[in-house]
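Inspection log for the structure reproduced underneath, given as structure tokens.
Because the structure is a prediction, the values reported are computed rather than measured. Per chain, numbering begins at 1; letters A, B, ... match sequence-line order.
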Number of protein chains: 2
Amino acid sequence: MKQKPTLKVIAKELDVSVSTVSKALKDSKEIGAKTKERVKAFAKLYNYRPNNIALSLKNRKTKTIGVIIPEIVHHFFTTVISGIEQYANQQGYNVIVGLSNESFDKEVINLDMLANGSIDGFIISVAKETLAKEDYHHISETIDQGVPIVMFDRVVDEILCDKVIVDDVATSKKAVQQLIDNGCKKIGIISTKDYVSVGRLRTRGYLEALNHNHIAKDENLILKIDDKLNSNDNLEQLEQQIETFFEKNKQLDGVFAVNELYAITAMKVARKNGIQIPEQLQVIGFTDGVLSKHAHPPLTTISQHGFEMGEDCARLLIERLEKQDEEDETYQTVVVKTDLVHRETTKTKKQ
Amino acid sequence: MKQKPTLKVIAKELDVSVSTVSKALKDSKEIGAKTKERVKAFAKLYNYRPNNIALSLKNRKTKTIGVIIPEIVHHFFTTVISGIEQYANQQGYNVIVGLSNESFDKEVINLDMLANGSIDGFIISVAKETLAKEDYHHISETIDQGVPIVMFDRVVDEILCDKVIVDDVATSKKAVQQLIDNGCKKIGIISTKDYVSVGRLRTRGYLEALNHNHIAKDENLILKIDDKLNSNDNLEQLEQQIETFFEKNKQLDGVFAVNELYAITAMKVARKNGIQIPEQLQVIGFTDGVLSKHAHPPLTTISQHGFEMGEDCARLLIERLEKQDEEDETYQTVVVKTDLVHRETTKTKKQ
DNA sequence: TATCCACACGCAAACGTTTTAGTAAAAATA
DNA sequence: TATTTTTACTAAAACGTTTGCGTGTGGATA
């Protein structure tokens, strides 16, 4: 339990100045060969490492990026984090994770805690409560203070910053089109309330697909789940709502669900009602996670490539950080491509 | 894009000294009432926040704890992180996450990057490669440097530090006993190679249960999966190995799997072979995650209460940090209790 | 009027670095 | 030998805080 060596103690020990030690360690030509040797040997012996905090203070940058997400026990978000981590570490950056738990207040607190010099920039996916309140002052203030932000997945249009998203509308349209092509006549969507941007957009894509195929919109076929039900606690309520939905729509032969959980639960309800998948009912989910892959039957889904999204987020942020002098005020929105992963809840009509 | 206000700029603007500003903001009685007012008003106007990095440097503590885990796309680990986050934030600490990706080198790098003043202490679950190499010098060196470490789940006995674990042996024994009580005669275990501590211990629990019931050990009933197969890429190989395992053990009527994935995959193989669960084969998995809950049929599992484990880790670490003067060299090992979650892959003989 | 004491504030050091500018001494040049 | 150049190093400032101590001003007291 010895104290960590600093330049100062090395200097004192070797009877040279602090600056000599510093320079010797960086192989400066200002320092003589034998002095360098002495210093390096001593530093290695005592396992000297420069103090990161001091460096951060001096350089006014921490080489750390803050990621704030609604929840971490969630396959998509962790996949994104993996991508962020990978790219960031590779560039010598650390990643600090803050959880908002979908709460506005916790999001504000997290932003506050980290924005005071702890991190160089943020990557954030906005909490549902924040989206519902439409209060983004904490985000715009952070940007105003010169801390760049990259938003992903749940983004908000009013805020000017770099963004990484999936083309929710086009992707959903593609998925629903697939159901139509596979012969579905009565296609329902299980979505979220409209203030969740991805729910809103995916619903729009669903409607566009119907419209494009001259299928009339039927409000009964659109189920908008209340956000609170996402938490694992009230699974039964979710199941109940979907059950009711199924009862209301007897000849339902296709379901597009905006997330894994809704898709899986729909399958569960279908199974309970003796509905054969995919023979009587075809299902496509958004987001390709473990649940979909290991479901029975394995679920056809849309893969959003979370890892790549994470990499893109980190890249965008770090690029902006590294050229912060130029004050580039033009922001990018990266749209990552999606893929339809055909598994066994859809009929394989066309590949 | 204004620069962040510091004490210095406030001081200059108000034509007082830096120390006056600092003291005024903390309501020191040394400062006159009107000056305090002026300073506070100005600070609020420009949204002044003390720079955390400077404080960290001064106080020699960062109020940040580093968590290093093998992978983040994993229900158990994210649950633990949730617990850590919750407790830590509540105590005013931040959480920084490092991923080892099960690699020894990445673990060392992560430890190195963070140990130089960036964090006050670590919470770590050791990478498989590290366990295989049995090289823990990076960990002991970190502890020697005065940075406390708490290990959880995958711990190593040789290292003296606080630990949070599950009683793997007893818990596994209990699970296997349950299978026996439910009438299973031929019980197999799907485990990992022995260098993964949890796999080794859970296998031991399995054997103890057999022994306790005077059932002879049968090597054929013990399948030790090679670690590399955990990654989602080679699922087919995993499936293949389990398939072979089933063929070798025809009258198998009980399976105890040391993790979710193995359990789920075993069920998949069983279904493919037309084996009815739980009528012909009963299955219990270790770790209660989303897969188990949403499996069909829902999987009976052992819940390790990851959230509580996280809280315990954070509590242990923070307690040690806050009384670092006393140099308490007695370490605790917290054993969190487990529960058998009865679902539908076991016969409900006794509740 | 001389002395004392609050009062209100400023100075400076410290945390551990890096870096610019400066300075002795030694070496090279004239 | 006198001057310049090079070598090898040190001093000090800076990053943004906090805090113990010093100090000038004023009013109250003697």
Side-chain angles (χ1 to χ4, degrees), chain A residues 3-40 42-43 46-64 114-120 145-147 324, chain B residues 3-40 42-43 46-64 114-120 145-147 324:
Chain A
Q3 62 154 352
K4 289 198 211 111
T6 66
L7 292 185
K8 201 199 287 195
V9 317
I10 299 184
K12 186 179 298 177
E13 211 67 29
L14 263 47
D15 205 41
V16 292
S17 79
V18 170
S19 30
T20 301
V21 178
S22 174
K23 287 172 180 169
L25 290 174
K26 338 200 78 182
D27 243 331
S28 160
K29 58 195 56 168
E30 291 185 56
I31 305 299
K34 42 318 190 259
T35 311
K36 277 191 200 170
E37 274 320 300
R38 280 208 315 146
V39 172
K40 285 184 185 171
F42 193 93
Y46 287 93
N47 192 28
Y48 168 80
R49 310 266 162 194
N51 180 309
N52 268 328
I53 293 292
L55 286 179
S56 295
L57 182 59
K58 182 129 190 60
N59 302 331
R60 268 99 137 269
K61 54 173 75 170
T62 61
K63 285 274 188 175
T64 301
L114 300 178
N116 313 311
S118 299
I119 53 111
D120 294 342
Q145 296 217 341
V147 181
Q324 219 163 20
Chain B
Q3 62 154 353
K4 288 197 215 113
T6 66
L7 291 185
K8 199 198 289 195
V9 318
I10 299 183
K12 185 179 296 178
E13 211 69 29
L14 263 44
D15 205 40
V16 292
S17 79
V18 171
S19 34
T20 301
V21 177
S22 173
K23 288 169 181 170
L25 289 175
K26 343 199 75 183
D27 243 331
S28 159
K29 58 196 56 167
E30 290 184 57
I31 305 299
K34 47 293 188 277
T35 312
K36 276 190 199 171
E37 274 321 299
R38 281 211 311 147
V39 171
K40 285 184 185 173
F42 193 93
Y46 286 94
N47 192 29
Y48 168 79
R49 310 265 163 196
N51 180 308
N52 268 328
I53 292 292
L55 287 178
S56 296
L57 181 59
K58 184 140 190 50
N59 301 331
R60 267 99 136 268
K61 54 174 77 170
T62 60
K63 285 270 189 179
T64 301
L114 300 178
N116 311 311
S118 300
I119 53 112
D120 294 341
Q145 296 217 339
V147 181
Q324 219 162 20

Distance-only donor-acceptor pairs under 3.5 Å for side chains of residues 50-57 of chain A, two or more places apart:
{"unit_1": "A:Asn51", "atom_1": "OD1", "unit_2": "A:Ile53", "atom_2": "N", "d": "2.7"}
{"unit_1": "A:Asn51", "atom_1": "OD1", "unit_2": "A:Ala54", "atom_2": "N", "d": "3.0"}
{"unit_1": "A:Asn52", "atom_1": "ND2", "unit_2": "B:Met113", "atom_2": "O", "d": "3.0"}
{"unit_1": "A:Asn52", "atom_1": "ND2", "unit_2": "B:Ser118", "atom_2": "OG", "d": "3.3"}
{"unit_1": "A:Ser56", "atom_1": "OG", "unit_2": "A:Asn52", "atom_2": "O", "d": "2.9"}

To the nearest Å, give me how far apart [atom1] ([X]) and [atom2] ([N]) are.
X        : N      : atom1 : atom2 : value
A:Ile53  : D:dC15 : CD1   : P     : 18 Å
B:Leu14  : C:dC9  : CG    : P     : 11 Å
B:Asn116 : C:dG16 : CG    : P     : 13 Å
B:Leu7   : D:dT17 : CG    : C1'   : 6 Å
B:Asn51  : D:dT18 : CG    : C1'   : 13 Å
B:Lys8   : D:dA14 : NZ    : P     : 6 Å
A:Asn59  : C:dC15 : CG    : P     : 20 Å
A:Asp15  : D:dA8  : CG    : P     : 18 Å

Does [atom1] belonging to [X] count more than 12 external heavy atoms closer than 6.0 Å?
X       : atom1 : answer
A:Lys36 : NZ    : yes
A:Lys61 : NZ    : no
B:Asp15 : CG    : no

5' priority, DNA chain C, between B:Leu57 and B:Gly32 [closest heavy atom]: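 This one resolves to B:Gly32.
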Which one, [options], comes nearest to the side chain of [X]?
X       : options                : answer
B:Leu55 : D:dG16, D:dT18, C:dC9  : D:dT18
A:Ile31 : D:dT18, D:dC9, C:dC9   : D:dC9
A:Thr6  : D:dA11, C:dG16, D:dT18 : C:dG16

Sole candidate of B:Thr6, B:Leu14, B:Val39 that passes side-chain contact (heavy atoms from CB on, under 4.5 Å) when paired with B:Val21: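 Answer to the side-chain contact (heavy atoms from CB on, under 4.5 Å) test with B:Val21 among B:Thr6, B:Leu14, B:Val39: B:Val39.
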Sugar-phosphate, base or nothing in reach of B:Ser56, heavy atoms under 4.0 Å: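 Touches nothing.
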Phosphate OP1/OP2 of D:dT18: any B:Ser22 side-chain N/O under 4.0 Å: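 True: B:Ser22 side-chain N/O within range (under 4.0 Å) of D:dT18 OP1/OP2.
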D:dG16 phosphate, OP1 or OP2, under 4.0 Å from A:Arg60 side-chain N/O: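 Checking D:dG16 against A:Arg60, a side-chain N or O does come within under 4.0 Å of OP1 or OP2.
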Set of side chain to side chain donor-acceptor pair (under 3.5 Å) partners for B:Lys63, sequence neighbours left out: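 B:Lys63 satisfies side chain to side chain donor-acceptor pair (under 3.5 Å) with no residue once adjacent residues are dropped.
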Under-3.5 Å N/O pairs linking protein and nucleotides 20-26 of chain C:
{"unit_1": "C:dT20", "atom_1": "O4", "unit_2": "A:Lys23", "atom_2": "NZ", "d": "3.0"}
{"unit_1": "C:dA21", "atom_1": "N6", "unit_2": "A:Lys23", "atom_2": "NZ", "d": "3.4"}

Side chains of B:Lys26 and B:Ser28 in contact at under 4.5 Å (non-hydrogen atoms):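 They are not in contact (no side-chain heavy atoms under 4.5 Å apart), so the answer is no.
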